[in-house]
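Letters go in sequence order (proteins before strands), and every chain restarts at 1.
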Amino acid sequence: MLDAKFVRAEPEKVRQALVYKNCDPTLLDQFLLLDEKRRGLLYEVEKLKAERNTVSEQIAQMKREKKDAAAEIERMREVSQRIKEMDSELSELEQKLTDVLMNIPNVPHESVPLCKDDTENKIIRCEGEKREFDFEPVPHWELAAALDIIDFERGSKIAGSGFILYKGLGAKLERSLINWMLDVHTLEHNYVEVFPPFLINRRSMIGTGQLPKFELDMYHTDKDDDLFLDPTAEVPVTNIFMDEILDGRELPINLTAYTACFRREAGAAGKDTRGLLRVHQFDKVELVKFCTPETSYDEHEKLLADAEDILKRLRLPYRVVLLSAGDMSFAAAKCYDLELYAPGVDKWLEVSSCSNFEAFQARRANIRYRPGPGAKPEFVHTLNGSGVALPRLVVSILENYQQPDGTVEVPDVLRPYVGAEVIA
RNA sequence: GGAGAGGUGGCUGAGUGGUCGAAAGCGGUCGCCUGCUAAGCGAUUGUACGGUCAUAAAGCCGUACCCCGGGUUCGAAUCCCGGCCUCUCCGCCA
């Protein structure tokens with residue numbers, strides 16, 4: 001959520017954000033109109049409340065002196081009635097105002113290309129060499145089926161399409177990757193590991209910006225519980241400090257978490273759905289940072305480097321893409337995607353989005369810090385990035401490390417975890 | 001699932017329907033003092049929204065906030081109802 005004062009002061013920046021992030025541009029005018037109305041009404045009702053407070057005090061005084069206050073009480077009865085009516089009108093206005101504000105996206109950082117779609121995304125750099133094959137590389141679903149490490153049919157049988165059953169060394173590879181990535185981030189990148197709940201309440205989903213706009217993308221339990229299945233560890237981990245005031249001296253706080261992630265992927269039907277490319281449940285190791293506004297863009301680069309390090313250590317070819325405004329998420333101010341090359345499907349696959357949300361999430365989730373002793377609390381800046389998401393990483397490993405006989409070499413760094421040099 | 005207790009400021013913890021934004025302590029900040037440190041003394045110390053000012057800061061004025069939402073009342077931290085959460089005991093269970 002943006003600061004109402006910012007929207008008032010910089011309407012043109014907000015209008016631009018609405019246009020380039022493909023949101024309803026009239027939201028700005030709705031906001032300004034409602035805001036104006038609200039301030040007028042607020043002034044009126046507060047005047048009445050001030051009167052009520054003074055007269056109530058007089059009544060108390062008169063009662064103490066045993067004087068008759070019947071006339072004042074009668075008058076205040078009417079004033080209170082009036083206040084009640086105006087208050088309910090006001091809270092209706094405020095509800096509308098919040099609804100509007102909640103649907104206004106974050107403003108892109110000045111370094112972000114202004115474009116409504118992905119056509120102006122910038123490839124910042126490519127890392128690692130694409131492997132030269134002296135045979136025709138096959139897609140991961142063929143490799144996995146032949147090696148019997150993923151059973152797509154039985155996964156579907158249990159849950160539905162887009163749900164994966166890993167087997168044998170496939171399951172072990174998955175578990176190894178999770179453990180290895182967590183070890184790298186905690187032991188070498190200075191993150192603290194957390195293991196959050198996988199079911200999340202509505203308030204938290206609003207806090208990070210998944211709601212109210214994207215409710216249909218989420219799995220939701222029945223009305224009595226009103227809980228959502230974790231779509232990304234960003235949600236439970238960012239909300240750890242909801243409604244708290246952090247000590248500025250503790251910042252930056254770096255957290256990493258493994259969670260399963262659940263997404264309905266409504267509206268993505270038929271697109272890249274083969275094999276592991278787009279699934280409803282997947283594993284992910286996430287990186288989350290809380291920092292001061294002064295350092296958030298430096299921390300953003302560090303976050304990117306920490307995620308990239310995983311891909312470098314696995315010696316996989318990838319590229320770094322700076323997303324344009326229209327391709328970024330609703331809450332982000334700036335975002336880099338990491339895309340791994342997968343030779344079997346001959347595609348660049350997104351395995352991480354590293355975003356700086358500035359104070360957008362912190363304002364919604366009410367996460368503040370005290371810059372110094374006795375100083376006023378300020379909103380923190382929050383950042384997160386996948387470090388990294390598993391299915392497409394597995395795709396890239398299988399397809400890049402495949403051998404002519406259909407077996408797959410295990411990357412060096414994973415061998416102690418998998419306990420094998422080859423998946424055969 | 002059943003029974004009970006409770007949710008107060010950065011923290012601990014009092015609290016009477018009106019003089020409570022809220023005692024006290026801790027912590028923080030500023031100053032004094034002790035030649036350093038520790039201790040001591042004095043003062044100060046919540047947040048949000050709106051207004052005033054020049055849509056700067058400070059100041060000043062107002063309103064709201066003692067878990068959340070309703071209600072009673074001229075007036076609610078205080079009384080009533082609903083919800084959420086925490087703790088204890090029992091049940092069930094990994």
Just checking A/Arg368: base, sugar-phosphate only, or nothing, at a heavy-atom cut-off of under 4.0 Å? sugar-phosphate
Indicate, with a heavy-atom threshold strictly under 4.0 Å, whether A/Lys63 touches base, sugar-phosphate, or nothing. base
With nearest nucleotides of RNA chain B determined for A/Ala375 and A/Thr54 from heavy-atom distances, which residue corresponds to the more 5′ nucleotide? A/Ala375
Would you please confirm or rule out a distance under 4.0 Å between OP1 or OP2 of [N] and any side-chain N or O of [X]?
| X | N | result |
| --- | --- | --- |
| A/Ser80 | B/U73 | no |
| A/Asn53 | B/C74 | no |
| A/Arg249 | B/G10 | no |
| A/Arg77 | B/C74 | yes |
| A/Arg370 | B/G28 | no |

Ring pair (Phe, Tyr, Trp, His ring centres under 6.0 Å) for A/Phe360 and A/Phe330? Distances and angles first, verdict last. CA-CA 10 Å; A/Phe360 191 86; A/Phe330 177 76; 5.7 Å; yes
Of the listed nucleotides [options], the one nearest the side chain of [X]:
| X | options | value |
| --- | --- | --- |
| A/Arg39 | B/C49, B/C74, B/G51 | B/G51 |
| A/Lys376 | B/U47, B/U63, B/G18 | B/U47 |
| A/Ala60 | B/A48, B/C49, B/G18 | B/G18 |

Mutual orientation of the aromatic rings belonging to A/His280 and A/Phe163 [parallel < 30°, tilted 30-60°, perpendicular > 60°]: tilted
Classify the ring geometry between A/His300 and A/Tyr297 as parallel (under 30°), tilted (30 to 60°) or perpendicular (over 60°). perpendicular
